[in-house]
Amino acid sequence: MSDKKPVNDDDLSMFRDAVGDVKPVANDRHPSTTAKPAARVKSQQQDNQAVMHELMSDFSDFDLLE
């Protein structure tokens with residue numbers, strides 16, 4: 001059950017006259033201009049987080065007073 005109306009020959013002829021001669025494009029993809037983000041080593045991030053957690057574990061409220 002399509003809601004589309006069939007295209008009659010007059011409409012098709014007017015469309016082709018309006019569009020004119022066309023040629024298919026070889027490539028319809030636009031090259032990306034944004035650089036991909038640098039790869040990050042997951043284990044390095046985990047190591048850095050572990051070091052920061054370890055450094056902060058000895059931190060207390062009294063350290064803020066100094």
Side-chain angles (χ1 to χ4, degrees):
M1 294 190 205
S2 176
D3 292 336
K4 294 182 181 182
K5 296 179 183 177
V7 179
N8 64 30
D9 291 336
D10 290 335
D11 289 340
L12 188 57
S13 176
M14 285 191 314
F15 174 76
R16 288 190 175 148
D17 288 341
V19 172
D21 292 333
V22 294
K23 60 180 179 178
V25 289
N27 183 2
D28 63 348
R29 304 281 180 181
H30 185 344
S32 176
T33 57
T34 58
K36 292 183 180 180
R40 298 183 122 201
V41 179
K42 193 171 187 177
S43 61
Q44 181 182 8
Q45 286 178 324
Q46 291 171 342
D47 290 345
N48 290 344
Q49 288 176 349
V51 168
M52 289 303 292
H53 185 350
E54 186 65 31
L55 290 172
M56 296 300 287
S57 66
D58 293 335
F59 191 71
S60 70
D61 291 336
F62 294 111
D63 293 330
L64 289 175
L65 296 175
E66 294 179 7

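Position 1 is the first residue of the sequence, and the numbers go up from there. All values below come from the heavy atoms of this structure, side chains included, with hydrogens, waters and symmetry mates left out.
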Checklist line | Residues which pass side chain to side chain contact (heavy atoms under 4.5 Å, CB included) with Val51, listed by chain and number, not counting sequence neighbours | finding: Leu55
Checklist line | Residues clustering with Val7 (ILVMFWY side chains joined when closer than 4.5 Å, directly or via others) | finding: Leu12
Checklist line | side chain to side chain contact (heavy atoms under 4.5 Å, CB included) partners of Asn27, counting only residues at least two apart | finding: Arg29
Checklist line | Residues that Glu54 engages under side chain to side chain contact (heavy atoms under 4.5 Å, CB included), provided they are two or more places apart | finding: Ser57
Item checked: For Ser13, all residues meeting side chain to side chain donor-acceptor pair (under 3.5 Å), sequence neighbours excluded -> none
Next item on the list: State, yes or no, whether a side-chain contact exists between Asp10 and Met14 at a heavy-atom distance under 4.5 Å.
Entry: no
Checklist line | side chain to side chain contact (heavy atoms under 4.5 Å, CB included) partners of Val19, counting only residues at least two apart | finding: Phe15, Val22
Check: CG of Asp9: more than 12 outside heavy atoms within 6.0 angstrom?
Finding: no
